[in-house]
Each structure stands twice: as C-alpha cells, then as structure tokens.
Amino acid sequence: MSASLPVRIVGGGLAGLALGIALGRAGVAATIYEAGDYPRHRVCGEFLAGLDDTTIARLGIGAAFAGASLHHDVTWFLRERVIARHALPVPARAISRFALDARLAEQFVAGGGQLLPRTRHVLPPDDSGWVDARGRAPSGASPWLGLKVHVRDLVSATGLEVHLGDHAYVGVSRVEDGWTNVCGLFRRRAGLRVEREGALATYLRASGLGQLAERLAAAPRRPGSACAVAGFAFARRVASGAGLQLGDAGGMIPPFTGNGMTIALTGAARALDPLVGWSRGGCSWAETTHGIRESLRTEFAGRLRRATLLHPFLLHGPLQLLLGAAARTGLLPTALLYRLLH
Ligand SMILES: Cc1cc2nc3c(=O)[nH]c(=O)nc-3n(C[C@H](O)[C@H](O)[C@H](O)COP(=O)(O)OP(=O)(O)OC[C@H]3O[C@@H](n4cnc5c(N)ncnc54)[C@H](O)[C@@H]3O)c2cc1C
C-alpha cells in the first residue's frame with residue numbers, strides 16, 4: 001500500500017464507505033472522517049431501486065446486504081386508495097441504514113481502512129486526494145422535512161408501498177429482521193405542533209393519511225428509531241465545480257425514486273478505477289476528477305432533471321389526481337418512467 005498515494009474521504013455514509021472499501025480491496029490506503037458514529041438510524045426510505053449486482057460486486061459489498069428484503073413490486077396509494085401496483089424491472093433491496101452503514105463501516109476497518117468517527121472535517125483548499133462524500137448540502141430555506149420510524153407487525157398490502165398525501169409522500173418498506181420502515185417527505189407546516197416520537201403520526205394526519213397513521217399507531221415501535229431531518233434541497237444537475245463530490249454531495253435526487261443510495265454506490269464504483277490510477281501516479285488530480293465528474297454527469301444528469309420535473313406530480317392535489325387517473329386507466333407508462341428515473 002505504501003507505494004501508492006492515500007485517498008481521504010470526508011463523510012462515512014454510503015458513498016464514502018463503499019468507496020473506502022473498494023479502494024482498500026484495490027490496495028489503496030483510505031481514511032474516512034465521519035461526523036457521526038455507527039450504528040445510527042437515518043431518515044431514509046431504505047429501499048434501493050435500480051441497483052445492479054455488478055455494482056455491488058465491483059465494490060465488494062455484497063455481504064453487507066445479508067438478510068435484506070427483496071421487493072418485486074410496489075403499490076401506490078393516493079389518499080388511502082390504491083391507484084397502481086406495478087412490478088419493478090429490477091427487484092429493490094431493502095435494508096435499514098442502521099444495519100447497512102454499520103456493516104460497511106466494519107468491513108472498511110476490517111479491510112485495513114482508517115475510520116475516524118465523531119470527526120467533522122473540512123475539505124482543505126488544496127483538495128488533491130480528498131473526496132467529498134458529506135451527503136446532502138445544507139439549505140437553510142428548504143421547505144422539506146423527512147421523518148421516519150421502524151415498526152413491527154405493520155399490516156401491509158405488500159412489502160413496498162408509496163402513499164401520496166397533501167404535500168407529502170410516504171414509503172412503507174419491509175426491511176430486515178421483521179422490521180418495517182415508514183419514512184415520509186413532508187412540506188413543513190407552520191404552526192403544526194410536533195414532538196419527536198409523535199411527529200410522523202401528526203404529519204401523516206395533517207397530510208390526509210389518517211389510515212396509515214392508525215396502522216402505525218397499532219404497530220410496536222423500534223426504540224430509538226424515530227428520527228427527523230430538515231434543511232436539504234433537491235438538485236436539478238450534477239455538481240460541476242472543482243474537486244470530487246460523490247453521492248448526495250454531488251446532487252440529491254428526490255426520494256420517491258428510491259434511487260439516492262444507488263446513485264451514491266454507483267458513483268463510488270465509477271470513481272474507483274480513476275482514483276486507483278491517480279493513487280499509483282497515472283494521472284494528475286485535476287485530470288482524474290475532471291474525468292470522474294464527466295462520467296457522473298453522463299450517468300446521472302438526466303435522472304436528476306427528470307426526477308425534479310416529476311416531483312410536483314407526487315405532491316400537489318390536482319397533479320396527483322392526474323397521476324391517479326392515468327394510473328387507474330392504465331395510461332401511466334410505468335416501465336418507461338422507471339427507465340427514465342433509474
Ligand atoms: C426522506 C428521505 C427518504 C429517502 N429515501 C430513500 C430511499 O428510499 N432510497 C434511496 O435510495 N434513497 C433515499 N433517500 C436518499 C438517500 O438517503 C441518500 O441519497 C443517500 O444517503 C446518499 O448517500 P451519501 O453517502 O451521499 O450521503 P449520506 O448517507 O447522507 O452520508 C453522508 C455522511 O457524511 C457525514 N458528514 C457530513 N458532513 C461531514 C463533515 N464535515 N465531516 C465528516 N462527516 C460529515 C454525515 O454524518 C453522513 O454520515 C432518502 C432521503 C430522504 C431525505
């Protein structure tokens with residue numbers, strides 16, 4: 001390892017950990033600075049749509065998905081009514097971030113990587129050899145609120161559901177060990193009083209999703225799993241500045257696609273060979289990062305643009321009705337939409 005240059009990664013989420021593991025397997029020393037610690041619950045729908053086996057094998061992270069649920073189809077609800085159920089072209093793996101991030105962190109360390117948890121770091125002005133995997137960029141003016149909780153024995157139509165409410169949508173996804181993740185994206189409501197444990201149920205009711213709130217209330221909760229996140233924004237384009245941003249740091253796709261984690265992992269896989277080449281003295285840092293940015297832009301730019309264009313259809317009453325009518329009459333091209341978004 002000593003003959004090659006080390007890579008330093010700021011952010012130990014999916015992009016950072018997966019890249020660190022893959023670099024270690026290729027004989028490149030990597031250090032990860034992570035502001036938080038493991039295991040930890042994260043606000044995330046916890047299903048990965050569009051992730052192929054090749055990417056998992058390339059990164060060498062297959063073992064981290066042990067016990068994951070596999071969803072073959074998704075059922076869509078509009079204000080409690082089923083509007084569509086369609087097969088997923090590629091089955092979606094579903095696993096909690098509690099398990100996935102901790103397993104990846106463990107694998108990274110076992111492979112010789114240096115992990116510095118509880119260490120917030122800034123990227124230096126000369127960022128040669130530094131990767132930005134810090135996740136979504138903070139956005140003070142953001143109207144969005146993400147809420148999630150794990151429950152057991154949730155009465156569920158299928159393993160994967162998406163519920164559209166008033167300025168809200170919620171994913172219900174069975175993950176590992178019999179837990180079901182309920183995770184919603186909501187437009188913040190001024191004046192709505194919420195407290196941590198009850199916040200999700202309060203927002204569900206305020207969004208016209210009372211039945212889902214009742215199902216949630218009847219299900220035993222996983223202690224410590226309720227969490228919230230605010231202050232983030234979705235991206236229309238892939239980051240185009242200098243340096244190397246992977247995952248949400250390079251642009252966050254709206255969560256209804258279930259594709260953010262796939263983008264984080266695929267980005268890490270795309271960056272692997274060029275970074276190994278740089279580490280062995282093959283190319284300058286500027287050339288290396290330029291090449292990776294171009295490849296990420298080619299792969300993800302269209303997806304980000306289309307997802308942000310479609311996002312309002314999942315949130316606003318009249319547009320949701322249009323979507324629901326198209327779905328009920330069989331006019332919604334689900335296979336085409338899936339291809340355009342994944
Ligand atoms: C409500 C909601 C639902 C979602 N549902 C889904 C879904 O169902 N499927 C899906 O695929 N995606 C979903 N996503 C998106 C998904 O969570 C992200 O796309 C994914 O986590 C991106 O991985 P990442 O590695 O880029 O960032 P993250 O996983 O966020 O990791 C970034 C890491 O960087 C650390 N960090 C930040 N700043 C610093 C610093 N200065 N120093 C050190 N460490 C730092 C953070 O602590 C964090 O651990 C959802 C997102 C939201 C908000």
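Here, residue 1 is the first one in the sequence, and each next residue gets the next number. Predicted model, so just to flag it, every value in this text is computed and none were measured. Counting starts at 1 for both ligands and their atoms, following the listed order.
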Under-4.0 Å heavy-atom contact with ligand 1, by part of R40 that carries it: side chain
Residue pairs involving residues 250-270 (criterion salt bridge (charged side-chain N to carboxylate O under 4.0 Å, His left out); sequence neighbours excluded): R270-E299
Ligand 1-proximal atoms of K148, by part, heavy-atom distance under 4.0 Å: neither
Proximity of D248 to ligand 1 by residue part, where a heavy atom lies under 4.0 Å: both
Polar contact flag for C44 and ligand 1 (N/O pairs, less than 3.5 Å): no
Verdict with supporting geometry, H311 and Y169, ring pair (Phe, Tyr, Trp, His ring centres under 6.0 Å): CA-CA 10 Å; H311 204 212; Y169 56 83; 5.5 Å; yes
E34, any N or O under 3.5 Å of ligand 1 N or O: yes
Check: E46 N/O within less than 3.5 Å of ligand 1 N/O: yes
Per-atom contacts, ligand 1 versus T119 - under 4.0 Å to a heavy atom: 42 (N), 43 (C)
Ion pair D53/R93, N-O distance below 4.0 Å: yes
Close approach of A133 to ligand 1, heavy atoms, under 4.0 angstrom: yes
Stacked cation flag R174 on W179, 6.0 angstrom / 45 deg: no
Within reach of ligand 1, part of A264 (heavy-atom separation under 4.0 Å): side chain
Donor-acceptor side-chain pairing of H150 and E46 below 3.5 angstrom: yes
Contact atoms of ligand 1, heavy-atom distance to R120 under 4.0 Å: 38 (N), 39 (C), 40 (C), 41 (N), 42 (N), 43 (C)
R222 to F98, cation-pi by 6.0 Å centre distance and 45° axis angle: yes
Lys/Arg N to Asp/Glu carboxylate O, R189 vs D166, below 4.0 Å: yes
